[in-house]
2 protein chains.
Amino acid sequence: MGTTKKYQQPNMADVTLSTAMQVLADPCRLAIVRTMLEQPDHEFACNEFELDLSKATISHHFEALRDAGLIQTRVDGRRCLSSLRRESFEARFPGLLDLVTNEPGS
Amino acid sequence: MGTTKKYQQPNMADVTLSTAMQVLADPCRLAIVRTMLEQPDHEFACNEFELDLSKATISHHFEALRDAGLIQTRVDGRRCLSSLRRESFEARFPGLLDLVTNEPGS
DNA sequence: TTAATTGTTCGATTTTGATCGAACTTATTC
DNA sequence: GAATAAGTTCGATCAAAATCGAACAATTAA
């Protein structure tokens, strides 16, 4: 029983610059976002990233990205597909994603 | 005796995006940078900021800003005058300082 | 209906970062 | 030369963030 998890996402206006900086300060999250930027039309499951981290930690990073307005997530069967909120995030913080795109992959 | 402190500053090419994000994630440092952006031709001593923090903590924040390439510091008598490395930082991370300028002061 | 898959949540640990007071250094001022 | 002023450095403390393993829930596959 119980309902399927609902993924909340913040209003972009409520995301502070400090929060945006904070979430992009972590190299793992930066790598996730960079990968997503490289395949704009792809929805990513958590396990599609080559991160040497436990499931729990990866889940935690995705939550941080969601809370900062960077990604949105939907349930698909037993997977959770995430994608960038590219346009809204770009509108809120113009040019920020470009910096990620241009930064040489770690 | 001993020599007067030399303030080192990194080559801007060596500053990673992750480091830049990290240093701008802190609200106090963000406030410092915002204030500096508002008075581009002013050199700031540490005590010119209305921060409710101890000298030690403020000194630590300035060091973080220096290490991330955001500011440069020179000794003037018994004061240390800091100013933004605006052009070089802007060249390394185009648009990033604009985000700070446009973010409503906390 | 039992496995396996995919992720979340919990509790604990470890690491990192922010913060402070006190002692110190250097330079100025008295 | 003593007192003051501006920062730095040190050591300690406290809070936040990253990390993991284990238990759990939901879904699909066997």
Exercise. When all nucleic acid strands are considered with a 4.0 Å heavy-atom cut-off, which category describes Ala64(B): base, sugar-phosphate, or nothing?
Worked result: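 Here Ala64(B) touches no strand at all.
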Compare side-chain N and O positions of [X] against OP1 and OP2 of [N] and report whether any pair is under 4.0 Å apart.
X	N	result
Arg29(B)	dA18(C)	yes
Thr57(B)	dC20(C)	yes
His61(B)	dT19(C)	yes
Tyr7(A)	dT8(C)	yes
Asn47(A)	dG7(C)	yes
Lys5(A)	dT9(C)	yes
Ser54(A)	dG21(D)	no

For this session: Determine whether any donor atom in the side chain of Arg78(B) lies under 3.5 Å from an acceptor atom in the base of dT4(D), or the reverse, and answer yes or no.
Result: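 Answer is yes: a donor-acceptor pair is held.
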I'd like to check [X] versus [Y] (side-chain heavy atoms, cut-off strictly below 4.5 Å). Are they in contact?
X	Y	answer
Asn47(A)	Ile58(A)	no
Tyr7(B)	Phe62(B)	no
Leu70(A)	Leu24(A)	yes

Problem set entry | Residue closer to the 5' end of DNA chain D, Val75(A) versus His60(A) (nearest nucleotide) | His60(A)
For this session: Report the nucleotide, chosen from dC10(D), dA18(D), dG7(D), that has the shortest atom-to-atom distance to any side-chain atom of Ala56(B).
Result: dC10(D)
For this session: For the side chain of Leu53(B), starting at C-beta, report the closest nucleotide among dC20(C), dT19(D), dA6(D).
Result: dC20(C)
Exercise. Are there more than 12 heavy atoms of other residues, nucleotides or ligands under 6.0 Å from atom CZ of Arg74(B)?
Worked result: yes
Exercise. Between Phe89(A) and Phe93(A), what is the ring plane arrangement, given parallel below 30°, perpendicular above 60°, and tilted in between?
Worked result: tilted
Exercise. Does dT9(D) pair with anything, Watson-Crick or G-U wobble, both distances under 3.5 Å, and if so, with which nucleotide?
Worked result: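 Pair assignment: dT9(D) / dA22(C).
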For this session: Using both distances under 3.5 Å as the test, list the Watson-Crick or G-U wobble partner of dA3(C), or none.
Result: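 Paired with no nucleotide.
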For this session: Nearest-nucleotide wise, let me know which of Arg79(A) and Lys55(B) is further upstream toward the 5' end of DNA chain C.
Result: Arg79(A)
Exercise. Pick one for dA3(C): is it syn, with its angle within 90° of 0, or anti?
Worked result: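 Base orientation relative to the sugar is syn.
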